[in-house]
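What follows is one structure encoded as structure tokens, with my remarks underneath.
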Amino acid sequence: MEHEVYVPFPVRTVRQALTEPERVARCVPGVQLDADAAPHRPEGRLRLRVGSSTITYRGALTVSGDPADGPGDAAPAAPDAVAPVTVEASGTETRGDGTVALTLTVRFAPASEPGPGTTLVCAGAVRSAGRLAAADEQSAATAGRRLLDRFAENLASDLTDRPVDGGPKGEGPAAVPQSVFDTEVPPPSLDPSGDAEDDVSVVADPDEPVDAVADDVPEVASFGADADADADDDEAEFDVAPAEAAHARRTMIGRSAEEVDHAPPRGRYAPVPAPETGGSSVPLRWAAPAAAVVLASAVVVGRVLRRRR
């Protein structure tokens, strides 16, 4: 499999970064490194998404390549030519007996699109047994390309946060042309967080002095104890809120919308309670037993009188 990815850093900087096994391992997407691993042989877990399934491997990674920037014996002596780097990784499935081994050779070429940087030409071979071997070839190739693309993005972010040691001064990420959609939009003139509403010159006539405009701005009448004693009666009526409105505000403050909607009305719109009917029902409650007693007594007296006759 061959694939090319772009990194917005100079060739020598990227090449030196890929000779650090720890940096290469932590830039692999989906990897979780062990804290007690050897310095130049990082170990950990890797979650790999292939098609609709996820495979978890546990293994190690090594890097073959001299940190020096020499082009090697077989490479031409070009100014930007550097020796390739070989990355080897192997692991076993955490749930199963499957294994995988990867040998990846990375070559470096200067790039000008989408900006000055480095193109990584990756050529690799994978030997697998288990779930990865059972996957179809197209799904495995797609997973490998996606892994390399995300690795290049993580490598660019890692180089920005942790520059290489001993790199040339002034080397940094290449300036990529900025899109019009990335341009910062200035805040609107009516932004409540801005200071434009307090500045009279923003809405003033450019030919009129600011002091003259400020003098024409009417003063806002104060409310409460600091109100002007000379205010007219009509203005005072508008300044003082009605008692019912004030009561409504005091009632609704601190209550949610649901409580206000479902709360019973108060004040003049409160429901009138039904009159109590307990007083009239007391005589009726005792009249029925008394009538029954009188009727029973009358029946008994009548029978006694018949027997005497």
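Everything quoted here is computed from the prediction, not taken from an experiment. These values consider heavy atoms only, across backbone and side chains, with no hydrogens, waters or symmetry-generated copies.
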Which residues satisfy the side chain to side chain donor-acceptor pair (under 3.5 Å) test with [X], sequence neighbours excluded?
{"X": "R145", "answer": "none"}
{"X": "T86", "answer": "none"}
{"X": "T54", "answer": "R49"}

Residue pair [X] / [Y]: nearest heavy atoms and the distance that separates them:
{"X": "P21", "Y": "L61", "value": "O-CD2, 4.0 Å"}
{"X": "L33", "Y": "V31", "value": "CD2-CG2, 3.9 Å"}
{"X": "T19", "Y": "V63", "value": "CA-CG1, 4.0 Å"}
{"X": "T160", "Y": "P163", "value": "O-CD, 4.3 Å"}
{"X": "A143", "Y": "V50", "value": "CB-CG2, 4.1 Å"}
{"X": "A25", "Y": "P42", "value": "CB-CG, 3.6 Å"}

Any [X] side-chain heavy atom under 4.5 Å of [Y] side chain:
{"X": "V7", "Y": "T13", "result": "no"}
{"X": "H3", "Y": "D149", "result": "yes"}
{"X": "R308", "Y": "V304", "result": "yes"}
{"X": "V24", "Y": "V85", "result": "no"}

Output for pair (L148 CG, L155 CG), nearest 0.5 Å, gives 11.5 Å
Separation between OG1 (T142) and CE (M1), nearest 0.5 Å, reads 10.0 Å
For V294, the hydrophobic cluster (side chain heavy atoms closer than 4.5 Å, chained through members) also holds none
For [X], enumerate each residue passing the salt bridge (charged side-chain N to carboxylate O under 4.0 Å, His left out) test, keeping only those at least two apart in sequence or located in another chain.
{"X": "R146", "result": "none"}
{"X": "R41", "result": "E43"}
{"X": "D158", "result": "R23, R26, R162"}

By side chain to side chain contact (heavy atoms under 4.5 Å, CB included), E4 pairs with (sequence neighbours left out) T119, V121
Sorted by chain and residue number, the side chain to side chain contact (heavy atoms under 4.5 Å, CB included) partners of P29 (sequence neighbours excluded) come out as L147, R150, F151, N154
Could you pull out all donor-acceptor pairs under 3.5 Å where a side-chain atom in residues 89-118 meets a protein atom, sequence neighbours excluded?
{"from": "E93", "atom 1": "OE2", "to": "R131", "atom 2": "N", "distance (Å)": "3.0"}
{"from": "T94", "atom 1": "OG1", "to": "T56", "atom 2": "O", "distance (Å)": "3.4"}
{"from": "T118", "atom 1": "OG1", "to": "F9", "atom 2": "O", "distance (Å)": "2.6"}
{"from": "T118", "atom 1": "OG1", "to": "P10", "atom 2": "O", "distance (Å)": "3.3"}
{"from": "T118", "atom 1": "OG1", "to": "V11", "atom 2": "N", "distance (Å)": "3.1"}

Residue pairs passing the salt bridge (charged side-chain N to carboxylate O under 4.0 Å, His left out) test with at least one member in residues 52-63, sequence neighbours excluded, are D34-R58
